[in-house]
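Whatever order the structure lists them in is the order used to number ligands and atoms, beginning at 1. In this chain, numbering begins with 1 at the start of the sequence shown.
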Amino acid sequence: MNRTARVYVAGGDTLIGAALVERLRADGYRNLVGTPPDEPDLTAAWQVEDFFGEARPEYVFLAAGKSGGIRLNQTCPADLMLHNLLATAHVVDCAHRHGVTKLLYLASSCSYPKHAPQPLAVESLMTGPPEPTNTAYATAKLAGWQLCDAYRQQYGARFVTAIPANAFGPHDDFSPDGGHVIPALIRKAHEAKVRGEPALTVWGTGRPRREFIFARDVADACLFVMRHHEGPGPINLGGGAELSIAELARLVADVVGYRGRIGFDAARPDGMPLKTLDSGPLRALGWRPSVDFLAALAETYDWFLRHAAPVSHSPRLAGGLSATPGKPGAI
Ligand code: GDP
């Protein structure tokens, strides 16, 4: 992939997609196509077809498809699944028919079986059912991986799949009900601070553990994988920052400057008890994350303050759940 290649980041306005576009621009890739706001509606087959015919991308990063936190997965499983299935099918098929040189599909760590051995190795995929709160979304992401491998098998397409750990950073969905845990807690802690509230309530028991990766590191890993990874079967993109939700809530409160009490609402679901990735194969190829977790949290809070802080709202869950769920691509 040289710097004059035509590169398309599908889902360029999403958490990981935006980080990819920013990184590619910084690296001097001058032929990026379909960058926001010029991206087609990926759920409309004809728009994707027209776009590929006109823009003729040579490399595709497929970071599109709506996603969200545990609550959004419970309330909008149909919307999340359908959006991901449609967007992925349209992009993968057009990439094949329009002769894309290589495509990298971003799958999700939600797709691992709930009770697979930890850290999660790709050999565990499809050996058991995923966490019930996100079965629909997880199944769509598994289908995306399988679709890439099917095109590889049938047509020799160079379509590879990567699975990032729980990603966070600028451009995330910071809505309190729809977002993943880091952006949701950033908003909740910020608003509790501004309103002088004595306590911040964190969902679940606080005991589940997650591995997190900053979006900029995901972008870096994606470029690395595009250059150095080939073959069927996904590769995990771990960030190495593993902590419990209770520990995370404490760190978020510190970064935000919230000094109140942190409580837990055990009536809310915990989701997977533990989710950490075996990134041995990626490390063996020579990739390491480079962003310090606390610095990344602080940068994310800073972005939130500048772009998302003023209004607390959860439009995707307020009245009409199925209207526009989730932030596209916030894997
Ligand atoms: P998951 O990694 O797929 O389970 O997705 P999430 O990022 O939504 O949730 C991770 C964990 O954080 C779960 O155990 C949640 O119960 C917990 N959690 C605590 N507070 C919140 C919150 O305000 N929003 C979300 N999304 N999760 C929270």
Taking distance alone, with N or O pairs closer than 3.5 Å, would you say [X] contacts ligand 1?
X    : value
G179 : yes
I70  : yes
V181 : yes
P269 : yes

Could you list which atoms of ligand 1 come closer than 4.0 Å to a heavy atom of [X]?
X    : answer
A184 : 22 (C), 23 (O), 24 (N)
P208 : 14 (O)
K275 : 1 (P), 2 (O), 3 (O)

For the backbone of D278 and the side chain of N236, can you confirm whether one donor and one acceptor N or O come within less than 3.5 Å of each other? yes
Main-chain N/O of E191 paired to E197 side chain as donor or acceptor, under 3.5 Å: no
Under-4.0 Å heavy-atom contact with ligand 1, by part of [X] that carries it:
X    : answer
I182 : neither
R210 : side chain
A249 : neither

Tell me: protein heavy atom nearest [atom], and distance?
atom                    : answer
atom 5 (O) of ligand 1  : H180 CD2, 3.9 Å
atom 11 (C) of ligand 1 : I245 CD1, 3.6 Å
atom 13 (C) of ligand 1 : D270 O, 3.2 Å
atom 20 (N) of ligand 1 : W203 N, 3.1 Å

Can you label the angle between the H307 ring and the W303 ring as parallel, tilted or perpendicular, going by 30° and 60°? parallel
For the residue pair F52 and Y8, does the interplanar ring angle fall in the parallel (under 30°), tilted (30 to 60°) or perpendicular (over 60°) class? perpendicular
For R71 and ligand 1, answer yes if some heavy atom of the residue is under 4.0 Å from a ligand atom, otherwise no.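 Contact check R71 vs ligand 1: negative.
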Within the structure, is a non-hydrogen atom of K188 found at a distance of less than 4.0 Å from ligand 1?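 K188 counts as a contact of ligand 1 under the 4.0 Å cut-off.
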For a quick test of reading the model, state the closest non-hydrogen atom pair linking S109 to N166 and the distance between them. OG-OD1, 3.6 Å
Check N84 against G65 and note the closest heavy-atom contact, atom names and distance.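 The answer is OD1-CA, 3.3 Å.
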For a 4.5 angstrom cut-off between non-hydrogen side-chain atoms, does K102 reach M1?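 With C-beta onward as the side chain, the pair stays apart.
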Have a look at F61 and tell me which of L24, L106, L103, I16 forms a side-chain contact (heavy atoms from CB on, under 4.5 Å) with it. L24
Please identify which of these residues, F214, Y301, F174, F304, meets the ring pair (Phe, Tyr, Trp, His ring centres under 6.0 Å) condition with F168.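 Of F214, Y301, F174, F304, ring pair (Phe, Tyr, Trp, His ring centres under 6.0 Å) with F168 is met by F214 alone.
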Decide yes or no on salt bridge (Lys or Arg N to Asp or Glu O under 4.0 Å) for E247 and R210, but give the supporting numbers first. CA-CA 10 Å; E247 290 162 348; R210 294 287 182 274; over 6 Å; no
